[in-house]
Structure formats: C-alpha cells, structure tokens
Amino acid sequence: MRTVIFDLDGTLADTSGDLIAAANVCFEEMGHAHRLDPVADALTAFHGGRAMLRLGLGRGTGHDGAAADEAQVDRWYPRLLTAYGAAIDVHTRLYPGAIEAVEALRASGHAVGICTNKPAGLAEDLLARLGVRGLFASLIGADTLPVRKPDPAPYVAAVEGAGGTVARSLLVGDTDTDRKTARAAGVPCVLVGFGPEGTAVSRLEPEAMIAHFDALPEVVARLLA
C-alpha cells in the first residue's frame, strides 16, 4: 500500500504559539527576566522544548542559548511539558488545506500516518482535541522507540503501523530533521514551504516542495507512481 507519513509540528499544524507560551510559563516561574516572542521565536519552538529553554536562558547571558545552563534546562523541561499539556490547543491551528489533503489521499487508497518528535502522549492529545486523530492509521512519537528522528526507525514504524511498506512511501515535513529522516530511510521527501522556515527549506533539496496542501495529492501521485 502506498503510504504518506506526516510530521506534525510545523507541517500539519502551527503549534508554535502554545509551545512558546509553555516555555514562558517556565521563565515566569523561575523569575527569569526574558520571554520568548510567539512570532520572532516561532522557528525555535519547532526544535523542541529544550531548545526554547536554552534560547530564553541564554538571553539572560547575552548569548541567545549558547551559554544556557544544561542542568537548568533539564530541571525545567518536565515543567514545560506539563504547562504545554495543560494548554495544548489554545493557539494551535491546522494549516489551510491540511485535512482536505489527508482525506483526499485516503480516498485515493493511500495509508496515512504521523511520525513526530513530540512526545507521543502529547501528540495523541493534540490530534484528539483538533478532532483529526481518526484520520491517521499510525502515530509514532519521540518516546515511542528508544530513538527518534532523524533515525529512520520511527519512520519505518509509522509506515508499517499504517499498513504500508517503506519502498512505497514518502515523508511530508518541514525541517532538516525530516529531510535527513527521509534520506536515511531511502524514501522521497516533500517539504512544505509555509512552515516555520518558509521557502528557505529549498536549500535541503527535497524531492518536492509544496506552497499549499492543495498541491500534495498530485505530488504524491507523481513520487509514488
């Protein structure tokens, strides 16, 4: 079965606002003077909770994350996850056309799944709250396996969990991590040009880029012909 696996954050949904809000809860509770900006710091949000903590803490030293105390990052990371889980869908929105594209792929006989570096429980909760969990046959998160993207194992698990075979699959994502994952798995990669980096992801030389989800079904048909 032809299979399309999606990244979640920055690909299917813009989750940056809620991620940054969770990091700012931590900064407020620790009495840290600096806060992250939901627009200017959106890209960092898609690199994970620890990256956001490093950025904010590093600003306190004037180094934007380069001199963050890793022990402090580790200490506050669980609190960030708790804060995020408590307000996971306040600002988050699915990108225009995302669900219509997923439904079109399903209607044409494709299996679809998700492979994300978000903890699986949070990913499950978010998709349920957005009302779309039932559209995806598999979901592999950062903690489902001992390894995470860009290791190919989570991708392979997502494909097989959806009932597909890796040789007839591709990955839709938005970052260098997704590009590396697809390359490691030996499959085509489609990168979105509306994610946190915009069209700058073209430097990663994916097999295809899309400017809107409307284009995805045709691109998938070509790459998985």
Side-chain angles (χ1 to χ4, degrees), residues 1-13 46-48 94-95 97-121 123-124 126-127 132-197 199-225:
M1 179 181 291
R2 292 171 297 173
T3 306
V4 179
I5 301 299
F6 292 85
D7 174 54
L8 178 51
D9 299 69
T11 299
L12 284 171
F46 295 116
H47 289 291
L94 292 159
Y95 285 113
I99 296 312
E100 291 81 358
V102 170
E103 291 174 335
L105 289 170
R106 284 165 47 96
S108 60
H110 294 77
V112 293
I114 289 176
C115 183
T116 176
N117 276 349
K118 183 190 290 294
E124 291 278 5
L126 176 59
L127 290 168
V132 298
R133 177 61 183 93
L135 294 177
F136 301 95
S138 64
L139 190 158
I140 302 297
D143 51 356
T144 304
L145 301 177
V147 294
R148 55 192 288 176
K149 296 187 297 182
D151 191 290
Y155 175 81
V156 172
V159 172
E160 294 178 348
T165 57
V166 172
R168 303 189 70 195
S169 71
L170 63 76
L171 174 61
V172 182
D174 68 294
T175 65
D176 183 48
T177 297
D178 296 311
R179 182 71 187 101
K180 288 177 178 176
T181 302
R183 186 174 287 119
V187 302
C189 181
V190 179
L191 294 180
V192 301
F194 47 79
E197 286 198 68
T199 57
V201 294
S202 63
R203 74 185 189 284
L204 303 175
E205 300 181 347
E207 280 69 28
M209 281 188 61
I210 57 172
H212 191 282
F213 269 116
D214 289 350
L216 184 61
E218 182 179 350
V219 169
V220 169
R222 172 171 59 82
L223 292 177
L224 295 184

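For this chain, numbers begin at 1 and follow the sequence in order.
Among I140, D7, T175, the one residue that satisfies the side-chain contact (heavy atoms from CB on, under 4.5 Å) test with K149 is D7.
Here the straight-line distance linking atom SG of C115 with atom CG of L145 works out to 8.5 Å at 0.5 Å rounding. With rounding to the nearest 0.5 Å, the separation of CZ in F136 from CZ in R106 is 8.5 Å. Rounded to the nearest 0.5 Å, atoms CD (E124) and CZ (R133) are 4.0 Å apart. Residue L170 holds its CG atom at 9.0 Å from OG1 of T3, rounded to the nearest 0.5 Å. I114 contributes atom CD1, which lies 8.5 Å from atom CZ of F6 (distance to the nearest 0.5 angstrom). Note that the CD atom of E100 and the CG atom of D214 stand 8.0 Å from one another [nearest 0.5 Å].
Heavy atoms of other residues, nucleotides or ligands lying less than 6.0 angstrom from CD of E218 number 12 at most. Heavy atoms of other residues, nucleotides or ligands lying less than 6.0 angstrom from CD of E205 number 12 at most.
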Apply the test salt bridge (charged side-chain N to carboxylate O under 4.0 Å, His left out) to residues R179 and E207: give CA-CA distance (whole Å), side-chain angles for both, the deciding distance (0.1 Å), then the verdict.
CA-CA 10 Å; R179 182 71 187 101; E207 280 69 28; 3.4 Å; yes
Start with the C-alpha distance between V192 and V172, add both sets of side-chain angles, then the distance that settles side-chain contact (heavy atoms from CB on, under 4.5 Å), and finish with yes or no.
CA-CA 7 Å; V192 301; V172 182; 4.2 Å; yes
Just do the side-chain contact (heavy atoms from CB on, under 4.5 Å) check on E160 and T165 with the steps written out, would you?
CA-CA 6 Å; E160 294 178 348; T165 57; over 6 Å; no
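Using a distance-only test at 3.5 Å, with no hydrogens or angles considered, a donor-acceptor pair links the side chain of R148 to the main chain of N117. Remark: the backbone N or O of A200 is paired with a side-chain donor or acceptor of R203 at under 3.5 angstrom. Judged by distance alone, the side chain of T11 and the main-chain N or O of L8 form no donor-acceptor pair under 3.5 Å. With hydrogens and angles disregarded, no donor-acceptor distance shorter than 3.5 Å links the side chain of R2 to the backbone of G109.
The two atoms that bring S169 and P188 nearest to each other are O-CD, 3.4 Å, heavy atoms only. Heavy-atom minimum distance, A158 versus S138: O-OG, 2.7 Å. Among all heavy-atom pairs drawn from P196 and G10, the shortest one is CD-O, 3.8 Å. L223 and A208 make their closest contact through CD1-CB, 4.1 Å (heavy atoms, listed as atom of the first residue, atom of the second, distance). Closest heavy-atom contact between H110 and V4: CD2-CG2, 4.3 Å. The shortest non-hydrogen separation linking V159 to I5 is CG2-CG1, 3.6 Å.
For the 3.5 Å distance criterion, the side chains of D178 and T181 fail to qualify, holding no donor opposite an acceptor.
Two residues are said to be in side-chain contact when any heavy atoms from C-beta on lie closer than 4.5 Å; L216 and V190 meet this criterion. At a threshold of 4.5 Å between non-hydrogen side-chain atoms, the residues L204 and L191 count as touching.
Listed by first and then second residue, the ring pair (Phe, Tyr, Trp, His ring centres under 6.0 Å) pairs that reach into residues 155-196 are Y95-F194, F194-F213, sequence neighbours excluded.
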